[in-house]
Participant: 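I have a structure I would like to understand better, so I am pasting it below and will then ask my questions one at a time.
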Protein chains: 2
Amino acid sequence: MKKDSKLSSVLHVLLHMAHSDRPLTSDELSGYLQTNPVVVRRTLAGLRELGYVEAVKGPGGGWTLDCDLAQVTLRDIYDAVGSPGVFAMGHREENPQCLVEQAVNGALDQAFREAEALLIRRLSGVTLADLSADFNRRYQAHPRRKAPHAH
Amino acid sequence: MKKDSKLSSVLHVLLHMAHSDRPLTSDELSGYLQTNPVVVRRTLAGLRELGYVEAVKGPGGGWTLDCDLAQVTLRDIYDAVGSPGVFAMGHREENPQCLVEQAVNGALDQAFREAEALLIRRLSGVTLADLSADFNRRYQAHPRRKAPHAH
DNA sequence: CCAATATGTATCATTGTTTGTTACATGAAA
DNA sequence: TTTCATGTAACAAACAATGATACATATTGG
């Protein structure tokens, strides 16, 4: 099944923005993700509406962070990109009257709910600042690299 | 994102088989799932190869269970249908050299791994016999229903 | 004011996966 | 030998995610 990479992509560009001292254009960001500038704008539109990032038009414009990295968790970003369904599995509403199906779905739903709850807890426990610090650690470990982010 | 319902579907038909005293044809089973007989055969083919079910050709033929319900867990069935990817989210291999991406993916992977491990644990803790018992409880609670499974 | 740059967004094309369908071969039973 | 059933390949349809194009809007700086 095809995987939705919105969350990963958004975090990727947010971190790049965190380590940039000037606005980054959709064009530049799309280069990092090897995608299209329009896709970037589309994806970041939600974050802009929620006030996590700011977009400025015109020359010298682009995207900048507009939040406290230490206050925003991965869960916030997950919500911001639309809280996409966590699981690739589910069940159609085949026939909810069927007692057999009710039994099956009940058992599966229980397991899936618990797993999703754990995932959300874990995402809530990591801030963008944590990610940024993690990046810095990796950078210290590879100081020879010319650019902090090889693209 | 579209959800894969193979696991749910397979469990559904397995339980029907568990409560039937004769082989059920792909045609009948496809009726329960509101799908196509060929899809059923395709999906159950894996379970047949693993010995969980048996398929008999010819008049009076069809599908029957060929395992101990108390010994087979939902996790076994999950594996039997191909252990489809659990999550609808992921990350492309955009640019693994990028330290930013490494930091992001590291954090996400950690959270996803834990959630998946919990899901597998939960699935391992439920047997087909448990599901069958659950069905029976539901049936006791609705004794007026003419057929044990309304289809 | 105007040219250049950048986002905002609607629309359409492309791609890939899943599911459904058709067709036909194989095998078993009466 | 007819009928009923599975086994499977091949193809069609449906759908969602992604990419691309076009153009409007806003801002900067000469």
Side-chain angles (χ1 to χ4, degrees), chain A residues 1-10 12-13 17 20 22-50 52-66 81-82 84-85 87-94, chain B residues 1-10 12-13 17 20 22-50 52-66 81-82 84-85 87-94:
Chain A
M1 179 134 312
K2 209 168 172 186
K3 302 217 165 180
D4 177 1
S5 56
K6 266 202 280 286
L7 178 57
S8 162
S9 298
V10 164
H12 190 168
V13 300
M17 287 157 62
S20 169
R22 61 173 178 84
L24 296 173
T25 67
S26 307
D27 223 40
E28 292 172 298
L29 296 177
S30 71
Y32 298 156
L33 301 179
Q34 296 168 215
T35 180
N36 192 291
V38 176
V39 174
V40 171
R41 290 202 276 271
R42 211 150 53 187
T43 308
L44 289 183
L47 296 226
R48 185 194 55 220
E49 283 157 16
L50 291 170
Y52 294 119
V53 296
E54 196 183 18
V56 170
K57 292 179 177 176
W63 299 87
T64 47
L65 279 174
D66 192 24
V81 296
F87 298 105
M89 285 177 278
H91 40 73
R92 320 172 265 207
E93 286 299 297
E94 287 150 6
Chain B
M1 177 133 317
K2 208 167 171 188
K3 302 217 166 182
D4 176 0
S5 56
K6 264 202 281 287
L7 178 57
S8 162
S9 298
V10 164
H12 190 167
V13 300
M17 287 157 62
S20 168
R22 60 172 180 84
L24 297 173
T25 67
S26 307
D27 223 41
E28 292 172 297
L29 296 177
S30 72
Y32 298 155
L33 301 180
Q34 296 166 214
T35 180
N36 191 291
V38 176
V39 174
V40 171
R41 290 201 277 271
R42 216 154 42 192
T43 309
L44 289 183
L47 297 225
R48 186 195 55 219
E49 284 158 15
L50 290 169
Y52 293 119
V53 296
E54 196 183 18
V56 169
K57 294 178 176 175
W63 299 87
T64 47
L65 279 173
D66 191 24
V81 297
F87 298 106
M89 286 177 278
H91 42 74
R92 318 173 265 204
E93 285 298 299
E94 287 151 5

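Because the structure is a prediction, the values reported are computed rather than measured. So that the names make sense, note that chain A is the first sequence line, chain B the second, and so on, each numbered from 1.
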Participant: Quick one: A:Asn36 CG to C:dT15 P, roughly how many Å, whole number?
Facilitator: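 Rounded to the whole Å, the gap is 14 Å.
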Participant: For A:Glu54 and D:dT27, what is the distance between atoms CD and C1' respectively, to the nearest whole Å?
Facilitator: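 Result: 13 Å.
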Participant: Using atom CE of B:Met89 as one end and atom C1' of D:dT18 as the other, report the distance to the nearest whole Å.
Facilitator: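 Nearest whole value for this atom pair: 18 Å.
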Participant: Calculate the interatomic distance between A:Leu7 atom CG and D:dT18 atom P; express it in whole Å.
Facilitator: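 For the pair A:Leu7 CG and D:dT18 P, the rounded distance is 12 Å.
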Participant: Do A:Val13 and A:Val53 come within less than 4.5 Å of each other through their side chains, counting heavy atoms only?
Facilitator: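 No; the side chains remain at least 4.5 Å from each other.
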Participant: Rounded off to whole Å, could you give me the NE2-to-C1' distance for the B:His91 and D:dA17 pair?
Facilitator: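 Atom NE2 in B:His91 sits about 18 Å away from atom C1' in D:dA17.
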Participant: Could you tell me which non-hydrogen atom of B:Leu33 sits nearest to which non-hydrogen atom of B:His12, and how far apart they are?
Facilitator: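 Nearest heavy atoms, B:Leu33 then B:His12: CD2-ND1, 3.5 Å.
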Participant: I want to check something: taking the side chain as every heavy atom from C-beta on, are A:Ser30 and A:Asn36 in contact at a cut-off of under 4.5 Å?
Facilitator: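 With C-beta onward as the side chain, the pair stays apart.
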Participant: Can you tell if the side chain of A:Lys6 reaches within under 4.5 Å of the side chain of A:Pro84, non-hydrogen atoms only?
Facilitator: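 Side chain of A:Lys6 against side chain of A:Pro84, heavy atoms only: no contact under 4.5 Å found.
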Participant: I need the minimum non-hydrogen distance between B:Asp27 and B:Pro37, along with the two atoms involved.
Facilitator: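 Result for this residue pair: OD1-CG, 3.1 Å.
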Participant: May I ask you to check whether B:Ser26 and B:Trp63 show a side-chain donor-acceptor distance below 3.5 Å?
Facilitator: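 Looking only at side-chain atoms, B:Trp63 and B:Ser26 do form a donor-acceptor pair, the distance falling under 3.5 Å.
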Participant: Whole angstrom is fine here: how far is it from NZ in B:Lys3 over to P in D:dA17?
Facilitator: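 Result: 12 Å.
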Participant: Once you round it to whole Å, what is the distance between C1' of C:dT5 and CD of A:Glu28?
Facilitator: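 Rounding to the nearest Å, CD of A:Glu28 and C1' of C:dT5 are 12 Å apart.
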Participant: For every nucleotide of nucleotides 4-13 of chain D, 5' to 3': is a protein heavy atom under 4.0 Å from its base (B), only from its sugar-phosphate (S), or from neither (-)?
Facilitator: BSBBBBB---
Participant: May I have the distance from B:Lys6 (atom NZ) to C:dT18 (atom P), rounded to whole angstrom?
Facilitator: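 My rounded result for the distance is 6 Å.
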